[in-house]
Number of protein chains: 2
Amino acid sequence: MTDRIITLLIVDDHPVVRDGLRGMFASDPGFDVLGEAAGGVEAVELAQRLDPDVVLMDLRMPAGGGVQAIAELARRGTRAKVLVLTTYDTDSDTIPAIEAGATGYLLKDAPRGELFTAVRAAAEGRTVLSPAIASRLVSAVRNPAVPAAKVLSAREREVLELVARGTSNREIARELFISEATVKTHLTHLYGKLGVKDRAAAVAVAYDRGILG
Amino acid sequence: MTDRIITLLIVDDHPVVRDGLRGMFASDPGFDVLGEAAGGVEAVELAQRLDPDVVLMDLRMPAGGGVQAIAELARRGTRAKVLVLTTYDTDSDTIPAIEAGATGYLLKDAPRGELFTAVRAAAEGRTVLSPAIASRLVSAVRNPAVPAAKVLSAREREVLELVARGTSNREIARELFISEATVKTHLTHLYGKLGVKDRAAAVAVAYDRGILG
DNA sequence: AGGAGCATCAGCCGATCGGCTGATGGAGGG
DNA sequence: CCCTCCATCAGCCGATCGGCTGATGCTCCT
């Protein structure tokens, strides 16, 4: 199993990164890069057509988000294992990506050897995590997961976005065609979810968690 | 001038990106990659020792910021032209980097050909900017340059940081050993500088500009 | 000497916010 | 069918905020 050739699909919006990865894997006869995609939508399509063992996937892409692409692949029952390869260990998409079905999660600054090992592991279905990611995961699991009790609803996010622009409650109400009372309700709720007491702190926390910005 | 071999130094904290760039330039006999650095400090040192024509520099790096490295190179009168190669067109370091002495500014998703052209241009001392960056620059210049009228004082930043944590004016006053009236004065001033009307928007703008977060 | 910018303070007042209590209807899961 | 979550709305009230006007002392630069 370990000595079979592993086929790959590379998904990243940066040509430079795609080149780097392709070059890396080309130098090892144990791998075969079947194709490249620059966005999530294209990735899903190519994954179906080329049927690679492993998909190396960047998360932040203009043309179709990585997380959605992973979810879509899972929904279609694609055989390929998805190995997320991203720049940020602070990425707020870490947990969603894994929930969506990613087999592993590596940072781009991982050394070559680690990458190769990770791809082989992923091909066999084993989970691989960067140490930084792993530690974030365990702490995320330790803390009651933040299980949805802290996920803002779509409406709450809308309100929060307007708050970040300096919009008053009354103006928000007009903007969203709801009453001021409802705006205040949404605010009270999202304060609770974000663990803050006022709008300024809510905006700060939202930026820290990647909800805004 | 155009047909001399151009020597390069690659600076990026990601091995993958360094590989990608090295591979790209290796394929063209007109370029010679002298070395690689993973951080700003190392970059300055290598630039002095290797004396490349062009330094390809990432901005966001853990080991020594790119902007500081550029400034340091300029201070030392290094011959090398610095071509910033970054991921973000929203990067708040754009203008500082150019002020620090960068010859050009490209986004990583630029196609190969553009990169080659840009490096040759940079080697000749010509300025190269990604379209997105260029447009940001002109607008930055059109607006009176943000001339210091919009730079927060140290005290104002302190107040703003506390605001972002949800601290009330009274608490901020206690925290900083000043009166509540003074806190309000600082706030009024920084609202003016940031072009906002309330604390929530101030926090948002501060995050956008990299003042907070 | 004078101006600009910063940090400090005062008082007043209307606008806005946030907490509290309580309620309704719709959607989705068990 | 019941429960939960979401979105919607109401009214009350004290706390907080932001604008306005005006003032002092300090430092740095011209």
Side-chain angles (χ1 to χ4, degrees), chain A residues 71 75 95-96 99-100 144-207 209 211-212, chain B residues 144-207 209 211-212:
Chain A
R75 205 182 61 73
I95 284 102
E99 279 174 350
V146 198
K150 290 198 176 178
V151 178
L152 300 192
S153 73
R155 205 50 158 171
E156 286 160 357
R157 255 194 305 279
E158 273 186 286
V159 171
L160 184 54
E161 273 165 31
L162 290 170
V163 163
R165 296 205 196 107
T167 322
S168 76
N169 291 350
R170 188 169 309 166
E171 287 167 332
I172 293 172
R174 266 201 287 272
E175 191 96 15
L176 299 182
F177 304 105
I178 58 182
S179 83
E180 205 180 325
T182 305
V183 173
K184 290 176 68 174
T185 305
H186 288 314
L187 279 175
T188 303
H189 287 162
L190 72 86
Y191 290 161
K193 290 180 179 179
L194 297 181
V196 300
K197 289 172 53 213
D198 64 50
R199 40 181 64 212
V203 169
V205 169
Y207 268 90
R209 301 200 188 162
I211 301 171
L212 288 179
Chain B
V146 199
K150 292 198 175 177
V151 178
L152 299 192
S153 74
R155 205 52 159 172
E156 286 159 357
R157 256 194 306 278
E158 275 186 283
V159 171
L160 183 53
E161 274 165 30
L162 290 169
V163 164
R165 295 204 196 106
T167 320
S168 76
N169 291 349
R170 189 169 306 166
E171 288 167 332
I172 293 172
R174 267 201 288 273
E175 191 95 14
L176 300 181
F177 303 106
I178 57 182
S179 83
E180 203 179 326
T182 305
V183 173
K184 290 176 70 175
T185 304
H186 287 315
L187 280 176
T188 302
H189 287 161
L190 72 85
Y191 289 161
K193 290 180 179 179
L194 297 181
V196 300
K197 289 173 53 212
D198 64 51
R199 41 182 64 213
V203 169
V205 170
Y207 269 89
R209 301 201 187 163
I211 300 171
L212 288 179

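Naming: A, B, ... by sequence-line order, numbering from 1 per chain.
For the helix from dA1(C)-dT30(D) to dG30(C)-dC1(D), the rotation axes defined at the first and last 5 base pairs enclose an angle of 60°, given to the nearest 10°.
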Contact letters for nucleotides 21-30 of chain D, in which S counts primed atoms plus P, OP1 and OP2 and B counts the base, heavy atoms under 4.0 Å: ----------
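Among the protein residues, His186(A) comes within range of the nucleic acid bases, having at least one heavy atom under 4.0 Å from a base atom.
A close approach under 4.0 Å does occur between a side-chain nitrogen or oxygen of Ser153(B) and OP1 or OP2 of dA7(C).
Taking Asn169(A) as the reference, Ile172(A), Glu180(A), Val183(A), Lys184(A), Leu187(A), Arg199(A) meet the side chain to side chain contact (heavy atoms under 4.5 Å, CB included) condition, with sequence neighbours excluded. Evaluation of the side-chain hydrogen bond (donor to acceptor under 3.5 Å, both in side chains) rule for Thr188(B) yields no partner, not counting sequence neighbours. Taking Thr167(B) as the reference, nothing meets the side-chain hydrogen bond (donor to acceptor under 3.5 Å, both in side chains) condition, with sequence neighbours excluded. For Ser153(B), the side chain to side chain contact (heavy atoms under 4.5 Å, CB included) test picks out Arg155(B), Glu156(B), with sequence neighbours left out. In this structure, the side chain to side chain contact (heavy atoms under 4.5 Å, CB included) partners of Glu175(B), at least two apart in sequence or on a different chain, are Leu162(B). Scored by the side-chain hydrogen bond (donor to acceptor under 3.5 Å, both in side chains) test, Glu161(A) finds no partners at all (sequence neighbours excluded). With sequence neighbours left out, the side chain to side chain contact (heavy atoms under 4.5 Å, CB included) criterion links Val196(A) to Tyr191(A), Leu194(A), Ala201(A), Ala202(A), Val205(A). For Thr185(A), the side-chain hydrogen bond (donor to acceptor under 3.5 Å, both in side chains) criterion is met by no residue, not counting sequence neighbours.
In plain terms, the two heavy atoms of Ala173(A) and Ser179(A) that are nearest each other are CB-C, 3.7 Å. Counting all heavy atoms, side chain and backbone alike, Arg157(A) lies closest to Leu152(A) at NH1-O, 3.0 Å.
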Collect all protein-nucleotide pairs involving nucleotides 17-19 of chain D in which both atoms are nitrogen or oxygen and the distance is under 3.5 Å.
from: dC17(D); atom 1: OP1; to: Asn169(B); atom 2: N; distance (Å): 3.2
from: dC17(D); atom 1: OP1; to: Arg199(B); atom 2: NH1; distance (Å): 3.2
from: dC17(D); atom 1: OP1; to: Arg199(B); atom 2: NH2; distance (Å): 3.4
from: dC17(D); atom 1: OP2; to: Asn169(B); atom 2: N; distance (Å): 3.1
from: dC17(D); atom 1: OP2; to: Asn169(B); atom 2: ND2; distance (Å): 3.4
from: dG18(D); atom 1: OP1; to: Tyr191(B); atom 2: OH; distance (Å): 3.1
from: dG18(D); atom 1: OP1; to: Arg199(B); atom 2: N; distance (Å): 3.1
from: dG18(D); atom 1: OP2; to: Tyr191(B); atom 2: OH; distance (Å): 2.7
from: dG18(D); atom 1: OP2; to: Arg199(B); atom 2: NE; distance (Å): 3.3
from: dG18(D); atom 1: N7; to: Lys184(B); atom 2: NZ; distance (Å): 2.9
from: dG18(D); atom 1: O6; to: Lys184(B); atom 2: NZ; distance (Å): 2.6
from: dG19(D); atom 1: O6; to: Lys184(B); atom 2: NZ; distance (Å): 2.9

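Residues of residues 172-179 of chain B having a heavy atom closer than 4.0 Å to DNA chain C, listed by number: Ile178(B), Ser179(B).
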